[in-house]
Amino acid sequence: MKLIFLGPPGAGKGTLAVRVKELLKTPHISTGVIFRDAIAAKSPLGLKVKAVIDAGKLVDDETTIALVKERLSQADAQAGYILDGFPRTIAQAEALETFSVVDKVVNFDISNDGAIERLSGRRVCRKCGFNFHTIFNKPKKEGVCDFCGGEVYVREDDKPSAVTKRLEVYRVQTEPLIDFYCKKGLLVDIDASPLVDEILVGFKKALRI
Ligand code: AP5
Ligand code: MG
């Protein structure tokens with residue numbers, strides 16, 4: 001199944017995707033993760049996008065579309081995928097239609113306050129990328145990943161000024177995609193406010209899987 005996960009920053013797209021990829025045996029492709037890996041590796045892409053991402057703004061469409069087009073051409077993405085965080089603009093959504101046919105767009109419904117609460121407590125493993133939370137999912141030992149022993153840190157764009165910017169960018173540039181995909185009959189809404197086990201139940205029901 002070819003899925004898009006659409007929703008504001010902090011909605012829990014990445015957290016649910018980790019569960020769904022096991023279930024559907026499809027790759028989880030997060031543009032945010034690809035960009036953060038590139039930044040950590042100090043690659044040309046990472047050097048190009050670091051300042052934009054840290055400020056909570058969007059990377060330009062041309063760069064992002066080329067990246068996703070290349071990733072979706074790989075063998076493991078032919079039968080299905082979870083696209084997390086792409087598309088984020090109408091131009092990206094229109095470009096995607098030229099190189100892939102999506103089955104469903106899962107819209108994560110969460111309040112602004114709910115998203116802020118999740119972002120402000122998020123802690124991420126520098127090595128394996130697992131998302132912890134200071135209230136909802138604490139690492140057993142503070143600052144250390146339960147799974148790989150990596151350092152657990154605060155994402156640069158989870159600092160308050162960048163969070164405000166990201167939510168604003170979402171409302172202006174990404175939210176119009178809800179209407180875009182609704183008109184195409186592809187949109188499936190899920191309540192993203194409960195804990196992840198409950199969201200997974202709602203997800204399966206909504207997609208009839
Ligand atoms: P990206 O990494 O995609 O960030 P985002 O969309 O802002 O989303 P987040 O990763 O912040 O939130 P999430 O919904 O995945 O929540 P999570 O599961 O972590 O993008 C980063 C940046 O890259 C962008 O700002 C932009 O600059 C650039 N970029 C990426 N894609 C782009 C594109 N297409 N075009 C242009 N630029 C692009 O959960 C959050 C926290 O809540 C965690 O701590 C988690 O443990 C906790 N949590 C999750 N679910 C629950 C739950 N159900 N109950 C309790 N706690 C929960
Ligand atoms: Mg994410």
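Ligands are counted one by one from 1 in listed order, and the atoms in each one are counted from 1 as well. Note that the structure is a prediction, hence the values are computed from the model and not measured.
In this structure a side-chain-to-backbone donor-acceptor pair under 3.5 Å is present from Arg118 to Ala11. A donor-acceptor pair is defined here as one N or O able to donate and one able to accept, closer than 3.5 Å; such a pair exists between the side chain of Thr174 and the backbone of Arg88.
Ordered by chain and residue number, the residues placing a heavy atom less than 4.0 Å from ligand 1 are Pro8, Pro9, Gly10, Ala11, Gly12, Lys13, Gly14, Thr15, Thr31, Gly32, Phe35, Arg36, Ile53, Lys57, Leu58, Val59, Thr64, Gly85, Phe86, Arg88, Gln92, Arg118, Leu119, Arg122, Asn131, Phe132, His133, Phe136, Arg155, Asp157, Arg166, Pro194, Leu195, Val196, Ile199.
Using a cut-off of 4.0 Å between Lys/Arg side-chain N and Asp/Glu carboxylate O, Arg155 and Asp54 are scored as not salt-bridged. Taking 4.0 Å as the cut-off between side-chain N and carboxylate O, Asp146 and Lys138 do not count as a salt-bridged pair. Checked for salt-bridge contact, Asp197 and Arg19 meet the test: a charged N lies under 4.0 Å from a carboxylate O.
Judged by the 6.0 Å distance and 45° axis criteria, Lys183 is not positioned over the aromatic ring of Phe180.
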